[in-house]
Amino acid sequence: MKEKVGVYVCHCGSNIAGIVDVEEVAKWAGVNLEDVVVSKDYKFMCSSLGQELIEEDIKKDGLTRIVVAACSPHLHERTFRRAAETAGMNPYLTQMANIREHISWTTKDKKAATEKVKAMVAAAVERVKLQEPLEPKFVDVNPNTLVIGGGIAGIQASLELADAGYHVYLVEREPSIGGHMAQFDKTFPTLDCSACILTPKMSDVGLHENITLMTWAELEELSGSVGNFKAKIRKRAKYVDEILCTGCGICIEKCPRKVVDNVFEAGIGVRKAIYVPFAQAVPKYPVIDTETCIYFDTGKCKACEKFCPTDAIVWDQKDEIVEVDVGNVILATGWDLFDCKRIPQYGYGRIANVFTNLEFERMCNAAGPTAGKIFMRDGVTEPKSIGIVHCVGSRDKNYNEYCSAVCCMAALKFGHLVMEKTEAEVYSFYIDMRPNQKGYEEFYQRLLDEGMNFVRGKVADISDVPRLPGEEGKIVVQVQDTLLGKQRRIPLDAVVLMGAMEPRFDAKELGLKVGISCSMAGWFTERHPKLDPVATMTDGIFIAGACQGPKDIPAAVAQGAAASARVQGMIAKGKVMIEPIVATIREESCSGCRICNNLCPYNAIDYLAEKEVSFILHELCKGCGTCVAACPAGAITGAHFNNAQIFAELRGILYDAMGETERVPEPAVK
Amino acid sequence: MSDKGKLALYWAASCGGCEIAVLAINEKILDVANAFDIVFWPCVMDGKVRDIEKMPDKGLDLCLFNGGIRNSEQEYMARLLRKKAKVLVAFGSCAHEGCIPGLANMNSRDEIFQFVYKDCPSADNPKGVLPEVETKVSEGTLHLPFFYDTLKTLGQTVDVDYYLPGCPPEPERIWDAITAILTGKLPPPGSVIGAETTVCDECPRKREEKKIKEFKRTWQVIPDTEKCLLEQGIVCCGIATRAGCGALCPQVGSPCIGCYGPNAGVEDFGARMMTAIASVIDSNDPEEIDRIIQEGIPDPVGTFYRFSLAHSSLRRSNRAGNGKPAAKEEAEVSGR
């Protein structure tokens, strides 16, 4: 039977019609392409009128295949599949030609653009004729959720899900949840105590019956797909039995080994080799850091064991791999601080009294190494003047082009805290002041009133070499004051560098594990930057908080809640549609060579030893085509992307380039 | 004349192994002789092209044609035999997919002539004489076939009814094909007569999941006798090669080199091999992957397209002018 193809060319307002002669294309397709019985152009195919146009033609002209030449299928494939389905056609008998993103937006020459569109339409027509009706499957959604990262975004997401009655596995790399928020003293612009608002949530997590908390743990491997993931989690050995340990802290007190804490105390404080990062840590159980523990180094000591009243120290504990089944995954892995040593002219690491923002957070914190007192590096002298340098590693082509979003407000907060706690004069060196959320501008005005000095200009150099009188023993900030229009040298006692927020060092690796991608800067990529900010291109994987891009606490909390709402939606629905676009192994052609066995990113391929063939589990297959391409025997076919369809598409695209004299071999048939 | 069918066998651009393979069916050749009158077999018996030319169209019942199309004479014979034969079989790898002679598609005619007649260490050609289509001598004009720039397969030249793969086809498979033709139990025209699975299916070696850190050439290792050769880092094409040979090579520790061509439904043998091999390289570091490939597979075309370059999607190395002038020239010479 001959197919009856309908071709619909969208103007997309002037997006396509501005550069492509859509009427000409529609006319051309109707005349020149075989089996095309209807060919039309329309202003907005995605409008309900556009969809109705297709539905009417299917009913009136008995169309059996539909081609819509419009935007990316990412945007409207579902729309047109649904329209076809409404008119009683199998939705997989439609095909989109992306003539907007691929042609009209990228081509300047009108004639060339129109010709390209013809080739794309010809390709879609040739292909759609060979498309087969497919039926989607539905699988149950496992109501458990894996949350990776126990910062404020992950905590929020976990609590919302747990409070709704669903089980959460919360995995945290550090010994305690809390994340960066736990390091802060006050939060802007309200100046409420960070710990006071965070720790209640932390203990809620620790005590919640619906949350399984795994700290000192990392995701090892994720397999499966939306609705039914299997996660392998490596729980690193803590050398502390959590059942016996009461969290009394005697072991920590008695541990003779003090080490600089580069994580929680940002390098300005110390901890022991057996430690909890901070007093309100959740869980309360300490861990032994084997790299610094004297026993692990020399085989002697065991002070912790000797003094432990409950015999909770276990030397032969091993890393444990825990497997959990979940339906959805939320990544809330946060951010790393920019390494300020990368800007040598700012002197961090060389000039003692140049601090990073995280160091300063710890210094301001009443529970920090200085008990909240602001000192110079010597730990005793109060500075008389402090400069705060904005945009260190942000908004800078040499490092990161993006704005880290929180530093302006954090700098203002620091200014306030310094003036509250000391007599020091405070300077802010900013490029642009960006207090752009609720209550932020007011906070900026408050700091202007409180007498913080603002110098608009990018700092060129921070030096401890005096050149002018009055600079001896000082740190001199050299800056172009763009409001005064002159170079200034400002001698100060201490400088705080507002280091940029950067993606976690291993974000790409984690992205690969769960099958999502990162932006050029390294942040996890959301499904849509405006309309779908917490979903990703991989169904069932959500992102929340700073792992998606720099953001402050309210934004991270909002995303944590949003991600949990999305997951709850999935769970409430109970079933998830599995696209029927899957790969199948033709058993007769499979020789069991096992090339494909390791390749599947979704672990959908099984090897049946007794039959000596490989087998694809359709519930897990996402139709990515990796195995189809890799199968040396051509035994694997990807539904909707089989050889005949792809070669037809190629022939269509080359419709005007197929030479007369060359014999082009037909695709091999079995 | 008897009422037996008429059989022709022809030899174009190939080594002659296929001719021997026909005889390797041993005493069954007598059954062939019982079923057919062999009317044309230049390798074995005297025969004249003009006798074939005079035959009525479809006057031959079966033609087994081995060899690719390297020059204008071979193309003429291919077209002639196509016209005269009811069933035309591309016999063996050369006719099927170009085989070793097809590897010359990595070079142009000029390059081939330059090497063969001038640069080759054994060439003794002080005057630098090259073959010419016409050479005038005192006695008249001598003619030689025109040597094409690109070797074509039989299927790229004329319509072929059936393909019989192998370099050469195994005797059992030849007999299977002849039986199929005699009994009429044939797949649809244009098909390959053969298995639908690959050499691995016939190979007794043990296979595991594959992760390859280093490729080794055959002279570098004495392979383990039990384990899959590919898993030992030896590039074995058995994974992609149509079954039918009984896995002769891998059974004795020598990797499959792909002479039986691609499996049913596969377009491009080399592309299949490359994607498969690339998929199991055990590294995510682009530099390391590059090193593994450079060191282990110094001749990718010779490794992956040893038998199928002429039949592949690309067919040959790139030429200036996109191949069009040469194709035109060939078309003129071959009278198309």
Side-chain angles (χ1 to χ4, degrees), chain A residues 508-509 511-513 584-601 603 605-609 611-614 624-638 642-644 646-648 650-651 654 657 659-670, chain B residues 152-153 155-159 163 187-188 190-192 195-203 207-211 228 230-231 236-243 258 262-269 271-280 282 284 311 313 315 322-324 327-328 330-331 336:
Chain A
K508 275 209 176 85
E509 207 181 304
L512 275 177
K513 272 186 198 162
T584 308
I585 298 182
R586 203 151 33 96
E587 223 172 76
E588 314 85 83
S589 295
C590 175
S591 61
C593 74
R594 308 194 66 178
I595 287 274
C596 60
N597 288 188
N598 262 336
L599 302 179
C600 180
N603 287 348
I605 305 181
D606 254 1
Y607 180 67
L608 308 178
K611 281 187 176 174
E612 293 195 327
V613 292
S614 296
C624 70
T626 305
C627 62
V628 181
C631 176
I636 312 182
T637 309
N642 66 30
N643 269 1
I646 290 170
F647 278 102
L650 289 176
R651 274 198 304 275
L654 299 171
E660 289 295 312
T661 51
E662 292 275 329
R663 281 178 61 92
V664 178
E666 289 289 310
V669 282
K670 69 162 185 141
Chain B
K152 298 184 287 186
T153 67
Q156 288 163 353
T157 313
V158 295
D159 289 327
Y163 296 88
S191 308
V192 173
E196 276 195 22
T197 176
T198 64
V199 173
C200 293
D201 227 14
E202 301 178 326
C203 177
R207 292 180 290 276
E208 305 281 338
E209 292 188 359
K210 292 176 171 51
K211 275 188 174 172
C228 167
L230 188 54
E231 283 158 32
C236 176
C237 297
I239 50 172
T241 306
R242 190 187 288 265
N263 193 17
V266 172
E267 270 296 295
D268 191 311
F269 181 90
R272 279 281 155 206
M273 270 308 291
M274 284 188 280
T275 46
I277 293 279
S279 307
V280 292
D282 186 17
N284 284 322
H311 184 255
S313 307
R315 294 171 74 169
N322 212 13
K324 279 185 177 160
K328 203 175 160 198
E330 282 168 22
R336 268 188 286 165

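Every chain is numbered from 1 and lettered A, B, ... according to where its sequence line falls, protein lines coming before strand lines.
In this structure, B:Leu230 and A:Ile595 have side chains that are in contact, with non-hydrogen atoms separated by less than 4.5 Å.
To the nearest 0.5 Å, atoms CG (A:Asn597) and OG (B:Ser279) are separated by 12.0 Å. The CG atom of A:Asn598 sits 4.0 Å away from the CD atom of B:Glu209 when rounded to the nearest 0.5 Å. Atoms SG and CG, from A:Cys593 and B:Asp201 in turn, are 10.0 Å apart once rounded to the nearest 0.5 Å. Taken to the nearest 0.5 Å, the CD1 atom of B:Ile239 stands 14.0 Å off from the CZ atom of A:Arg594. Expressed to the nearest 0.5 Å, how far CD of B:Glu202 lies from OG of A:Ser591 amounts to 10.0 Å.
Using a 4.0 Å cut-off between charged side-chain N and carboxylate O, B:Glu196 and A:Arg586 make a salt bridge.
At a 4.5 Å heavy-atom cutoff, the contact between A:Ala633 and chain B is made by backbone and side-chain atoms alike. Interface remark: A:Cys627 contributes no atoms to any contact with chain B (heavy atom separation under 4.5 Å). Proximity to chain B is limited to the side chain of A:Leu599, based on heavy atoms less than 4.5 angstrom apart.
Annotation: maximal heavy-atom pairing with chain A below 4.5 Å, among B:Thr275, B:Thr241, B:Thr153, occurs at B:Thr275.
With hydrogens and angles disregarded, a donor-acceptor distance shorter than 3.5 Å links the side chain of B:Arg272 to the backbone of A:Cys631.
When the options B:Thr198, B:Asn263, B:Val266 are evaluated for a side-chain contact (heavy atoms from CB on, under 4.5 Å) with A:Ser589, the one that passes is B:Asn263.
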